[in-house]
Amino acid sequence: MKIAVCIKQVPDSWAEKKMVNGLLDRVNVDAVLNDLDEYAIEEALRVAEAHGGNDEGGANSITLISMGPDRASEAIRKALSMGANSAILISDLTLVGADALATSKVLASVIARESFDLIICGTESTDARMSVIPAMIAERLGCAQLTFASAVSVDPTSKKVSITRMSEAGVEEMSGELPAVVSVVEKINEPRYPSFKGIMAAKKKTIHSVDLATLGISIESAYSTVIDAIPRPPRAGGVRVTDDGNGGDLLVAFLAEKKLI
Amino acid sequence: MSTVIILADLLGSKLTKTTAELATVAARIGEVTVVLLAPTGQGLALAESLNYEAVTNLLVVETDSVATHGVAAAADILSQIVDLKKPVAVLIASHAFGKEVAGRLAVKTSSGVITDAVDVSSDLIATQLVFGGSTTVSSKISQGCAIITLRPNSITADLTQGKPSIELLSFEITAVSKKTVITSAQPPVRGGRPELTEADIVVSGGRGTNGDFAPVEAFADSLGAAVGASRAATDAGWYPHSHQVGQTGKTVSPQLYVACGISGAIQHRAGMQTSKAIIVINKDPEAPIFEIADFGVIGDLFDVLPKATQGVTALKS
Ligand SMILES: Cc1cc2nc3c(=O)[nH]c(=O)nc-3n(C[C@H](O)[C@H](O)[C@H](O)COP(=O)(O)OP(=O)(O)OC[C@H]3O[C@@H](n4cnc5c(N)ncnc54)[C@H](O)[C@@H]3O)c2cc1C
Ligand SMILES: Nc1ncnc2c1ncn2[C@@H]1O[C@H](COP(=O)(O)O)[C@@H](O)[C@H]1O
């Protein structure tokens with residue numbers, strides 16, 4: 001199987017994030033691999049391992065696909081060191097500030113060009129927090145959408161993928177045929193740490209850089225625009241008490257004072 | 001007057017409170033048409049609970065395709081309705097299903113999409129709270145019809161009753177929309193407590209409960225609150241995953257959030273930081289959750305919660 005994993009480099013979740021001219025300031029913050037995408041990489045490795053592995057010339061290959069600035073190659077290296085085979089980085093100045101329509105268009109066009117069998121995503125990027133890209137890629141490719149998976153099983157022979165979907169609607173069992181887009185929730189597995197061997201091997205793996213001209217697509221002007229972004233005043237310093245046996249009573253007094261009961 | 005479409009929000013086969021919130025926001029923008037994608041045979045019965053003054057038309061589509069094919073089927077039908085009614089905006093509840101439907105609809109109709117809005121003004125400017133609630137962003141859709149998902153519990157619903165007209169329609173969906181097949185569904189178990197994302201008060205327990213949620217539940221019940229949990233608690237199997245609050249759980253913004261035995265990891269805060277008031281009970285004065293508390297008790301939840309429960313019960317009687 002040709003497996004693709006969509007990964008994104010995001011600002012470190014602990015870093016203080018700022019908006020500059022209506023866009024998230026991505027230059028002056030530490031950037032990391034979106035942690036939810038680590039579960040997608042791990043699941044791709046497990047699917048490959050269950051069906052003959054992803055060694056050179058073997059039954060499966062795992063290609064990372066990322067849209068982002070050149071700097072995203074740092075996050076890609078980490079993902080390669082976990083065991084993926086190669087990567088495609090779509091970097092283009094016209095993509096600065098790309099919205100979900102543009103991102104899904106770019107990712108879908110790369111996926112269509114390489115005709116992948118299985119596309120695995122995380123459920124959410126910790127910066128955009130939209131949880132829409134996997135569904136939008138499935139829509140653009142016209143293939144099965146198997147998202148929010150807490151379990152995935154693939155049968156390459158019958159080309160069938162089955163998942164357990166976990167969401168506000170409860171638990172659903174669903175399936176579809178390859179090619180399919182899967183997104184995974186963090187309950188699905190425990191991502192592996194890159195081994196020393198993996199880190200060394202990753203240095204020799206190829207990151208193919210492409211721009212939009214190579215892909216033969218262009219991006220329309222933005223579908224949504226930020227009018228302004230205003231920092232909210234930090235929460236006013238709260239009251240803190242130490243329980244000396246009366247903590248519960250003080251708490252109730254606070255509730256009553258604030259008219260919360 | 002321009003038309004605004006809202007997608008009635010169903011959980012299992014019940015309409016949620018969010019539907020009325022969507023209608024309230026939509027009525028500011030234009031004439032509201034509610035699209036109800038109901039299981040076969042349940043359309044008219046469900047429609048009866050949508051008699052809000054804010055709603056002008058009720059478009060009832062009885063179909064089992066959403067139960068069988070999920071997100072793709074809902075987006076397919078909605079896009080046909082958008083072609084038919086040419087709305088200026090489509091408002092949908094912000095959760096996994098709603099956001100995915102919005103995303104696919106945006107592709108189908110070449111429209112912009114905004115998720116997790118906490119408000120939308122009459123001129124279609126959406127407000128979002130980003131970066132853990134530290135920044136307010138206002139944005140606008142610049143192409144196509146505005147597709148916006150609204151976070152449950154963000155605005156006060158106008159429940160005034162009215163008499164919308166009812167239209168029954170049916171739609172075919174394409175073969176592509178049938179590529180995903182749902183073979184079984186287990187809706188979340190609902191106890192007697194309010195739904196997490198709709199509740200005015202949420203009381204949550206974390207690793208500090210050590211698996212004993214009884215004091216958390218008792219306090220929640222004294223307040224008529226929903227019960228939430230940190231990932232540490234759901235991972236340990238102490239509480240169902242459907243109650244997890246946080247980045248990979250539910251986002252809640254109640255009037256009051258009470259965090260008991262929760263340290264306040266960034267992933268937990270991501271799901272509760274926009275709560276109006278926050279109360280914390282934690283043994284460790286260094287726990288980061290205190291940074292966002294309006295009222296914090298440094299103490300053992302097994303001592304503080306029973307006393308607080310008694311106090312609330314006494315006050316209420
Ligand atoms: C990809 C990813 C996604 C995640 N998503 C989520 C998410 O959606 N939601 C979420 O919650 N977490 C999430 N997490 C996990 C998060 O990072 C934390 O590990 C988790 O929130 C910790 O839960 P906790 O606060 O209950 O436990 P801990 O961090 O162990 O804190 C327990 C607290 O209880 C206090 N305590 C102990 N005993 C008592 C007592 N008797 N009385 C009072 N206080 C006591 C302690 O002082 C401590 O502060 C995610 C992590 C990752 C990597
Ligand atoms: N720029 C990107 N490059 C590659 N994959 C992405 C990108 N943005 C989003 N994704 C994928 O889509 C998932 C959901 O992201 P989002 O819809 O932005 O919350 C992520 O977990 C990634 O797998």
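Each chain gets a letter, A, B and so on, in the order its sequence line appears, and its residues count up from 1. As the structure is a computational prediction, the values presented were derived from the model and not from experiment.
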Working to the nearest 0.5 Å, report the span between CD1 of B/Ile141 and OH of A/Tyr223. 11.0 Å

If you draw a 6.0 Å radius around NZ in A/Lys258, do more than 12 non-hydrogen atoms from other residues or ligands fall strictly inside? no

Segment of B/Thr183 engaging chain A (4.5 angstrom heavy-atom cut-off): both

Rounded distance (nearest 0.5 Å) linking atom OG of B/Ser134 with atom CZ of A/Arg232: 8.5 Å

Most contacts with chain B, counted as non-hydrogen pairs under 4.5 angstrom, among A/Gly247, A/Ala169, A/Gly176: A/Ala169

Report which part of A/Asp228 has an atom under 4.5 Å of a heavy atom belonging to chain B: side chain, backbone, both, or neither. both

Which atom names give the shortest non-hydrogen contact between A/Lys187 and B/Arg231, and what distance separates them? NZ-CG, 4.0 Å

Would A/Val239 and B/Asp294 count as a side chain to side chain contact (heavy atoms under 4.5 Å, CB included) if you check the C-alpha gap in whole Å, the side-chain angles of each, and the deciding distance to 0.1 Å? CA-CA 6 Å; A/Val239 183; B/Asp294 297 295; over 6 Å; no

In terms of heavy-atom proximity below 4.5 Å to chain A, should B/Leu305 be classed as side chain, backbone, both, or neither? neither

Quick one: closest heavy-atom pair of B/Arg104 and A/Met136, and the distance? N-CG, 4.2 Å

Under 4.5 Å from any heavy atom of chain B - which part of A/Ala128: neither

Decide yes or no for A/Thr147 and B/Val71: does some side-chain heavy atom of the first lie under 4.5 Å from some side-chain heavy atom of the second? no

Between A/Gln145 and B/Glu100, a side-chain donor and acceptor under 3.5 Å: yes

Donor-acceptor pair, side chain of B/Ser138 and main chain of A/Ile227, under 3.5 angstrom: no

Is B/Lys14 atom NZ crowded by more than 12 heavy atoms from other residues, nucleotides or ligands, each under 6.0 Å away? no

Which residue out of A/Met166, A/Met130, A/Glu220 racks up the most heavy-atom pairs below 4.5 Å with chain B? A/Met130

Once you round to the nearest 0.5 Å, how far does NZ of B/Lys99 lie from OG of A/Ser167? 12.0 Å

With a 4.5 angstrom heavy-atom cut-off, could you sort out which part of B/Ala270 is near chain A: side chain, backbone, both or neither? both

Cut-off 4.5 Å, heavy atoms of chain A, and the answer for B/Gln273 is backbone

Reported OG1-to-CD distance for the pair A/Thr225 and B/Gln143, which is rounded to 0.5 angstrom: 9.5 Å

Counting only non-hydrogen atoms closer than 4.5 Å, does B/Ile292 touch chain A with its backbone (N, CA, C, O), its side chain (CB onward), both, or neither? both

Looking only at heavy atoms, what is the nearest atom pair of B/Lys307 and A/Asp249, with distance? O-OD1, 4.5 Å

Around atom NZ of B/Lys316, are there more than 12 heavy atoms of other residues, nucleotides or ligands at under 6.0 Å? yes

Assess whether side chain to side chain contact (heavy atoms under 4.5 Å, CB included) is satisfied between A/Glu172 and B/Gln186, documenting all intermediate values. CA-CA 6 Å; A/Glu172 294 161 292; B/Gln186 256 182 307; over 6 Å; no

Heavy-atom distance under 4.5 Å to chain A: side chain of B/Ser111, backbone, both or neither? backbone

What part of B/His241 gets within 4.5 angstrom of chain A, counting heavy atoms only: side chain, backbone, both, or neither? side chain

Which heavy atom in A/Val252 sits nearest to a heavy atom in B/Ala308, and how many Å separate them? CG2-O, 3.4 Å

Where does A/Ile230 contact chain B at under 4.5 Å (heavy atoms): side chain, backbone, both or neither? both

Is it the backbone or the side chain of B/Ala106 that comes under 4.5 Å from a heavy atom of chain A, or both, or neither? both

Between A/Arg129 and chain B, which part of the residue has a heavy atom less than 4.5 Å away: side chain, backbone, both or neither? both

Checking heavy atoms, do the side chain of A/Thr123, its backbone, both or neither come under 4.5 Å from chain B? neither

Toward chain A, the part of B/Leu105 with a non-hydrogen atom under 4.5 Å: neither

Tell me, for B/Ile281 versus chain A, whether the close heavy atoms (under 4.5 Å) come from the side chain, the backbone, both or neither. side chain

Output, in order, the C-alpha distance, side-chain angles, deciding distance and verdict of side chain to side chain contact (heavy atoms under 4.5 Å, CB included) for A/Leu250 and B/Val297. CA-CA 9 Å; A/Leu250 293 171; B/Val297 183; over 6 Å; no

With a 4.5 angstrom heavy-atom cut-off, could you sort out which part of A/Val226 is near chain B: side chain, backbone, both or neither? both

Counting N and O atoms only, with roles assigned by atom type, does the side chain of A/Glu168 sit under 3.5 Å from a partner on the main chain of B/Ala96, one being a donor and the other an acceptor? yes

Under a 4.5 Å cutoff for heavy-atom pairs, which residue among B/Ile279, B/Thr136, B/Val280, B/Leu315 has the most contacts with chain A? B/Thr136

Which value, rounded to the nearest 0.5 Å, describes the distance between A/Glu139 atom CD and B/Ser79 atom OG? 7.5 Å

Of the listed residues (B/Pro306, B/Gly70, B/Ala185), which shares the most heavy-atom pairs with chain A below a 4.5 Å separation? B/Ala185

A/Ser150, part contacting chain B, at a heavy-atom distance under 4.5 Å: neither

Chain B heavy atoms under 4.5 Å from A/Glu124: which part of the residue, side chain, backbone, both or neither? side chain

Part of B/Lys140 within contact of chain A (heavy atom distance under 4.5 Å): both

Side chains of A/Asp243 and B/Ile298 in contact at under 4.5 Å (non-hydrogen atoms): no

Could you look at B/Asp200 and say if it's the side chain, the backbone, both or neither that has a heavy atom under 4.5 Å from chain A? neither

Within the structure provided, determine whether A/Met174 and B/Val181 are in side-chain contact (heavy-atom separation under 4.5 Å). no

Check for me whether A/Arg240 meets the cation-pi criterion with B/Phe295, that is, NZ or CZ under 6.0 Å from the six-membered ring centre and within 45 degrees of the ring axis. no

Between B/Ser110, B/Ala102, B/Ala146, B/Ser142, which has the largest tally of heavy atom pairs under 4.5 Å with chain A? B/Ser142

Exercise: identify the closest heavy-atom pair between A/Ala100 and B/Val113: CB-CG1, 4.4 Å

Considering non-hydrogen atoms only, spot the tightest contact between B/Ile201 and A/Leu260 and give its length. CD1-O, 4.0 Å

Most chain A-contacting option - heavy-atom pairs closer than 4.5 Å, from B/Asp116, B/Ile114, B/Leu129: B/Leu129

Does the distance from a Lys or Arg side-chain N to an Asp or Glu carboxylate O, for A/Glu177 and B/Lys179, drop under 4.0 Å? no

Interface moiety of B/Lys178 toward chain A, non-hydrogen atoms closer than 4.5 Å: neither

Are the side chains of B/Thr248 and A/Leu36 in contact, using a 4.5 Å heavy-atom criterion? yes

Check whether B/Ile182 gets within reach of chain A through its side chain, its backbone, both or neither, counting any heavy atom under 4.5 Å. both

Rounded to the nearest 0.5 Å, what separation is found between the CG atom of B/Leu223 and the CD1 atom of A/Ile261? 6.5 Å

Name the option with the most non-hydrogen atom pairs under 4.5 Å to chain A; the candidates are B/Gly296, B/Ser94, B/Gly299. B/Gly296

